[in-house]
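Numbered from 1 within each chain, the chains take letters A, B, ... in sequence-line order.
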Amino acid sequence: MSATTSTRRHSVSAFLFEHARLRLALLLTAPLFWLGLVYIVALAALLVTAFWTVDSFTGEVRIEWTLDNIVTVLTASVYQSVTLRTVGIALLVTVIDILLALPIAFFMAKVAGPRLQRALVIAVLTPLWASYLVKAYSWRTVLSPEGLFAWLVEPIGGSSPGYGIPATVITLSYLWLPYVILPIYAGLERVPDSLLDASSDLGAKPWRTVRSVVLPLLYPAVIAGSIFSFSLTLGDYIAVSIVGGANQMLGNLVYTNVGTANNLPLAAAAALIPIAIIMVYLAAVRRTGALDNL
Amino acid sequence: MRLSRLSKGVLGALTAAVLAIVYIPLLVVVLNSFSTSQTFAWPPPGFTLEWWARAARSQGALDAIGTSVIVALAATAVSLVLGTLISLALQRYEFFGRSTVNLLVILPIALPGIITGIALNNFFRTIAGVQLSLLTLIVAHATFCIVTVFNNVLARLRRTGTRLEEASADLGAGVWTTFRLVTFPQLRSALLAGGLLAFALSFDEIIVTTFTAGTGVQTLPIWILNNVFRPNQAPVVNVVAVVLILVSIIPIAIAQKLAGPESGTPRASAGRAARSR
Amino acid sequence: MSAPAISLRGLRKEFGSVTAVDGVDLDIAQGEFFSMLGPSGSGKTTVLRLIAGFEQPTAGTIELFGEDVTSTAPFDRDVNTVFQDYALFPHLSVLENVAYGLRVRGMGKRERAERAREALEGVRLGGYGDRRPSALSGGQRQRVALARATVLRPKVLLLDEPLGALDLKLREQMQVELKQLQRSLGITFIFVTHDQEEALTLSDRVAVFNDGRIEQLGTPAEIYERPQSRFVATFVGTSNVLEGAVAAQLLGVPGTFALRPERITLADAPTGRDRAASGTIAEVVYLGTGRRIIVDLDAGLQLTVLEHTLGRDAASDAALRGTRVVAEWSDRDLVALDAAVPVTP
Amino acid sequence: MRRLNFRRSGALVGLAIASVAALTACGTAGGGSGGGASGAPTDELGDYEDAVSILAWPGYVEDGSNDPDVDWVTPFEEETGCQVTAKYYGTSDEALSLMKSGGYDVVAASGDLTLRLVAGDLVQPVNTDLIPNYENVYDFLKDKSWNSVDGQPYGVPHGYGANLLMYNTDVVQPAPTSWDVVFDRAAEFSGKVTAYDSPIYIADAAVYLMAHKPELGIENPYALDETQLAAAVDLLKAQRQHIGEYWGDYLKEIQAFESGTSVVGTTWQVIQNSITTGNTEVVLPEEGATGWSDTWMIASDAEAPNCAYAWLNYIASPEANAAATQYFGEAPSSQEACEFRDDCEAYHAGDAEYAEQIWYWSTPIAECLDGRTDVQCTDYSQWTAAWQEIKG
């Protein structure tokens, strides 16, 4: 095995090895081609469309530059109130999901034995396979005035919240919960037990350890989970139409504009609202390293 | 951490409570699949096996499941390849625009599905000039599935570092051989986890699907959407959901078992340390 | 033996703004047991990684047996490495790990298993082939790593702190085995360590690294006996450094001198050696084989003295604190670290 | 057109596209010469081809694959040897673009699509003499603005239905006869009023205003000028205060009435038929109602015209029409079909007077459908914006 023969044998490998940039280019070409061509071009085209018009005569999109759609979206009171409502629901859903996810993720990662841990991961993942629609309809059943919820709480003087924003929040929190639990659980797995031991060794009570050690380390994972619940809620239009009573969310406005009115430019303009919100959100959390924890 | 019995008990109780909340609606689905009420009235006025019998005969449901499986498998395959490539690039190289690429991967999942949906719909029809089909649907699904593979692989790469690959190269293995014999086996369980999540994500996707599926393409969620609104079909949908839940436990359990032994030991980013030396 | 096994010329490596290796020139002869010694961050590991091919130098060349391999990929270099953390493939069995290099060279399954088994027997792990690396102890893993690297019969074996993770007893045992292995294989070993004792006991020659440069190159005796810089004097073993006003007062010459603790004797009164300085014992540390005594010299220097055997028993060590003593040494034990000033006998 | 779900409410999408030329040509606006239709209908038929490709709403061409008991395609195939390939579309826009791409022989088109197809030369005039079953079709479905141009039929009616008023008999007493229970009297049932979730529901308000605010001068609920639209919007905004939820699909509506979440609002006959609690009733209020009617048409470039004619004839046949319309919950297109259905009465099938009270869905466009030329009407995109504003 002289050096020369092996050099010849590995000529392609050796060439690649010597050219780190080439290797990088080879790695990145296909994904960037895909994401850039398919996604970014599509997104850019959509955003440009927001500045075009629809010919009310033919219904075709016409390349005629206008700010009308943007102005409509920014000034119409319906967009303002729906945006506020949607962001409110998204924040509420996110907070609820995080609060629900933290104890269960902590229990899974740090208390449960390996067998129980495995079973719990399965238990958390399983609901993902029941269709979104089936689950949403199930909540419609549960929350109906004579449904399971009312049936359970009536003896103690409660009543079903009925269909409306509370029902929407409940349903969406339910739908996205696994997506929040999983990153938080993974994040907790990465927190070495020795750190927790160190904290309690230094005299911290468990709660104090959680607050001073676990949560700060977990912050990126929590943010990662929140991106799921926040963004999925921001774009949802189906759950709210099933359990949301007469309310509509941003997703409905976008959907109606494109699906019913065939007004893609206006839909694109309306889409700018959630895009802007998400971008601000991503920019805000970027520093936390959360984007590496999705 | 030395937790008191009490705090362990409280945590266990909270976990049980959350799981109860998670499973009660699913239990309702199971009950409704046997309910004589076609509209899921509560409590069920009576029980019947009719829906299960009907579901068993429903060719449409089977076809839809088949389509969904094909779409999810294809989208998963694409995202496995692309996700792995991109995570290798981001984890093993420093380059200008690295964080932009990172953002690019995350964007399709971070932006609401309806935006991805109408953007791709518009792209396919007007820019690419292609008819919506099974293929456009797969392309759309793969686009937002990349991130799950990406994240799992990235985390694994970070954990394993570059030592083993160096050892392999040191022992005479070329770039491809090293990937085949060392890198890939190290990534296997991460790929499995990421792939499973990608599959699940694609399998239950409805919003992007609505906008990017060809007319003849009926995935399971679309089938459900079409059928949940027919009074005489809605309970059949519950049956299908119940079957899916039960069947899904198998692959998840297998994946868990496979991913189990390696995923337990967190090792702080050795790769990063090596890179920044 | 014509060309050296390894020849480094003007080797530099920068990581961003950090210069890890700052111009290294070095020839390592064939069959030599060569150690690179230095504190962490001194660049020794980077030099090793450059030789192995894991890093590309910013400047300079690397020759292996006269062949320039500066930009050759690691898999095309006839060197093998024993990694600090062993880097055993967790998904392969011990035997598969050892056979890996043979496998990627296209050797048949039967033959490579045979060779790997022999290699494992060579490191006394004959029965362990089917195990996973995770089922082995630290010392066993270390031996697997050795077998894996040597089964390929490389011309140069690179060892990156291979004993660092082992406990003292095992480390001493492995040191002996390494030395024997090197002799029996007759190949060049390049050994990276931060443990000066290990470097001194094992090596034919040692390069002491500091700040990305070779501070001193020589045989263990040269390094220990004749350190050429303050850094070497203090990093390799312990040295008392006499300099400035203190040196002038005690030695009568300005300059910087190193004095090994074991070269100093303590007495109640001067016994007539070349130099004497009085002081007070500040601390006594029991070492088993002797004692380390810290003396505050009246001249204003804290002197470390190593005593091997002494009439007093250990129990009285504490009582020594505060005792007045005279420290004495010979002029020939002084090593001038400042080359400009000759040693004054 | 029965809206199966909210995806399909997109059926009205872009009706605005309907060419004015075609529209003025057709009966609605009166006058004008022949539309974009080309050539004369076929005079005679030849042998059946091997296959026929049909584009339709889901559920219009059932071959038993969703439910083995629901199958009216197989008998057709056995009878004619024409193998049916069905493709389903989600919105009328989608159907239009598919028709433009070609390859289909037959299309089931809603009222908002038919004229676009005619104007685009995508469908051919139909010689009803070659369709024996056409004779049986209710007269009040023939020669309508959405299926004929200048008396020349462009297809065969499929079925029809009305958007009725449903009420909970325990709560809404006495039995209502007017839409006022969901408009001016909605406060009485505040929080339990429901309405169809689509901009087209504005037409329901317009129907109400036609009767109660004649001074607005609404002649056609799909032809509203800005003042008229504003009046409808005001009415609906007032109604919004009392809406419990809007509905877009069967299941939601049935659940809502069964559980008491909704007690009064618009509905379809099939929903009433499906409700098992027995405490609901439907009525066609005195003001009239909106409704729908679909048409089977033949592509102008049909490769299998003989099979296409055969399908049009078959789907208009009593048995097949009964099966298809019953499956969807709408009235059949002929009295004979009622022989094969036991629920015709519930749908008021064949009741011409009843059918006369229905304003079949059309998409509002700027050119007023009621023939006014002195004013611009509001188009569907304005209706959509208004609808979003109403929902808030």
Side-chain angles (χ1 to χ4, degrees), chain A residues 10 13 16-17 24 27-28 30-31 34-35 38-39 42-43 45-46 100 103-104 106-107 111 118 121-123 125-135 137-139 141-142 146-148 189-190 192 196-197 200 206 227 231 234-235 251 254-255 258 264 267 271 274-275 278 282 291 294, chain B residues 1-3 7-8 11-12 14-15 18-19 22 25-26 28-29 40 42 82 85-86 88-89 93 95 102 104-106 108 110-115 118-120 122-123 127 139 143 147 151 154 172 174-176 200 204 206 221 224-225 228 237-238 241 244-245 248-249 252-253 256 260 266:
Chain A
H10 286 303
S13 271
L16 282 175
F17 191 89
L24 179 62
L27 287 174
L28 278 177
W34 185 290
L35 286 171
V38 175
Y39 197 69
L43 213 54
L46 183 72
L100 289 177
I104 188 168
F106 192 86
F107 184 84
V111 179
R118 201 172 297 168
V121 171
I122 294 175
L125 280 173
T126 302
L128 285 181
W129 295 84
S131 161
Y132 169 103
L133 285 164
V134 170
K135 284 183 285 188
Y137 259 94
S138 182
W139 273 105
T141 314
V142 169
E146 292 163 11
L148 180 63
E189 280 258 87
R190 285 196 290 268
L196 306 189
D197 289 340
S200 54
I227 291 175
S231 117
L234 214 53
V254 177
Y255 182 83
V258 67
L264 185 64
I275 290 178
I278 286 287
L282 286 182
L291 304 189
L294 283 174
Chain B
M1 182 167 55
R2 283 179 294 275
L3 284 171
S7 22
K8 278 189 187 177
L11 275 174
L14 283 173
T15 301
V18 172
L19 282 179
V22 167
L26 294 185
V28 170
V29 173
F40 318 147
W42 188 266
L82 297 183
L85 287 174
I86 211 160
L88 277 170
Y93 299 89
F95 57 93
N102 198 355
L104 192 56
V105 183
I106 292 164
L111 286 185
I114 182 151
I115 291 169
I118 61 175
L120 289 176
N122 181 46
F123 170 77
I127 298 175
V139 168
T143 302
V147 69
N151 281 314
L154 195 73
V175 172
W176 170 243
D204 195 29
I206 185 156
I224 290 175
L225 193 62
V228 85
V237 168
N238 280 332
L244 279 180
I245 296 171
S248 73
I249 294 176
I252 298 179
Q256 268 290 294

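Chain B forms more heavy-atom pairs under 4.5 Å with one residue of A/Ala45, A/Gly251, A/Pro127, A/Ala30 than with any other, namely A/Pro127. Ranking B/Leu88, B/Ile118, B/Val105 against chain A, the residue ahead of the rest is B/Ile118, based on heavy-atom pairs under 4.5 Å. Taking A/Val142, A/Leu128, A/Thr126 one by one and counting their heavy-atom pairs under 4.5 Å with chain B, the maximum is reached by A/Thr126. Among B/Thr143, B/Val28, B/Ile127, the residue making the largest number of heavy-atom pairs under 4.5 Å with chain A is B/Thr143. Heavy-atom pairs under 4.5 Å with chain A were tallied for B/Ala200, B/Pro108, B/Ala89, B/Gly12; the largest tally goes to B/Pro108.
Of all heavy-atom pairs between B/Pro25 and A/Ser138, the closest is O-OG, 2.7 Å. In terms of heavy atoms, A/Ala42 sits closest to B/Phe123 at CB-CB, 3.5 Å. When every heavy atom of B/Pro112 is checked against every heavy atom of A/Ser231, the shortest pair comes out as CG-O, 3.9 Å. Taking all atoms of both residues into account, the shortest heavy-atom contact from B/Leu19 to A/Ala123 is CD2-CB, 4.1 Å. Between B/Leu11 and A/Phe106, the shortest heavy-atom contact is CD1-CD2, 3.4 Å.
Heavy-atom distances place the backbone of B/Pro221, and not its side chain, under 4.5 Å from chain A. Both the backbone and the side chain of A/Val134 come within contact range of chain B, each with at least one heavy atom under 4.5 Å from a heavy atom of that chain. In this structure, the portion of B/Leu14 lying under 4.5 Å from any heavy atom of chain A is its side chain and not its backbone. Of the two parts of B/Leu244, the backbone and the side chain both hold a non-hydrogen atom closer than 4.5 Å to a non-hydrogen atom of chain A. In this structure, chain A has heavy atoms under 4.5 Å from both the backbone and the side chain of B/Val139. Within the 4.5 angstrom heavy-atom criterion, only side-chain atoms of A/Leu264, from C-beta onward, approach chain B. For B/Ile206, the part sitting under 4.5 Å from any heavy atom of chain A is the side chain, from C-beta outward, and nothing else.
Here the straight-line distance linking atom OG of A/Ser131 with atom CG of B/Leu225 works out to 9.0 Å at 0.5 Å rounding. Atom CD1 of B/Ile115 is separated from atom CD1 of A/Ile278 by 8.0 Å, given to the nearest 0.5 angstrom. Atom-to-atom distance recorded for B/Leu111:CG and A/Leu43:CG is 6.0 Å, nearest 0.5 angstrom. Atom CG of residue A/Leu27 and atom CG of residue B/Leu82 lie 11.5 Å apart, to the nearest 0.5 angstrom. Separating the CG atom in B/Leu85 from the CH2 atom in A/Trp34 is a distance of 12.0 Å, to the nearest 0.5 Å. In this structure, CG on B/Leu120 lies 7.0 Å from OH on A/Tyr39, to the nearest 0.5 angstrom.
Within the 4.5 Å cutoff, the side chain of A/Lys135 has no heavy atoms near those of the B/Val29 side chain. Looking at A/Tyr132 and B/Ile224, their side chains never come closer than 4.5 Å, going by heavy atoms from C-beta outward.
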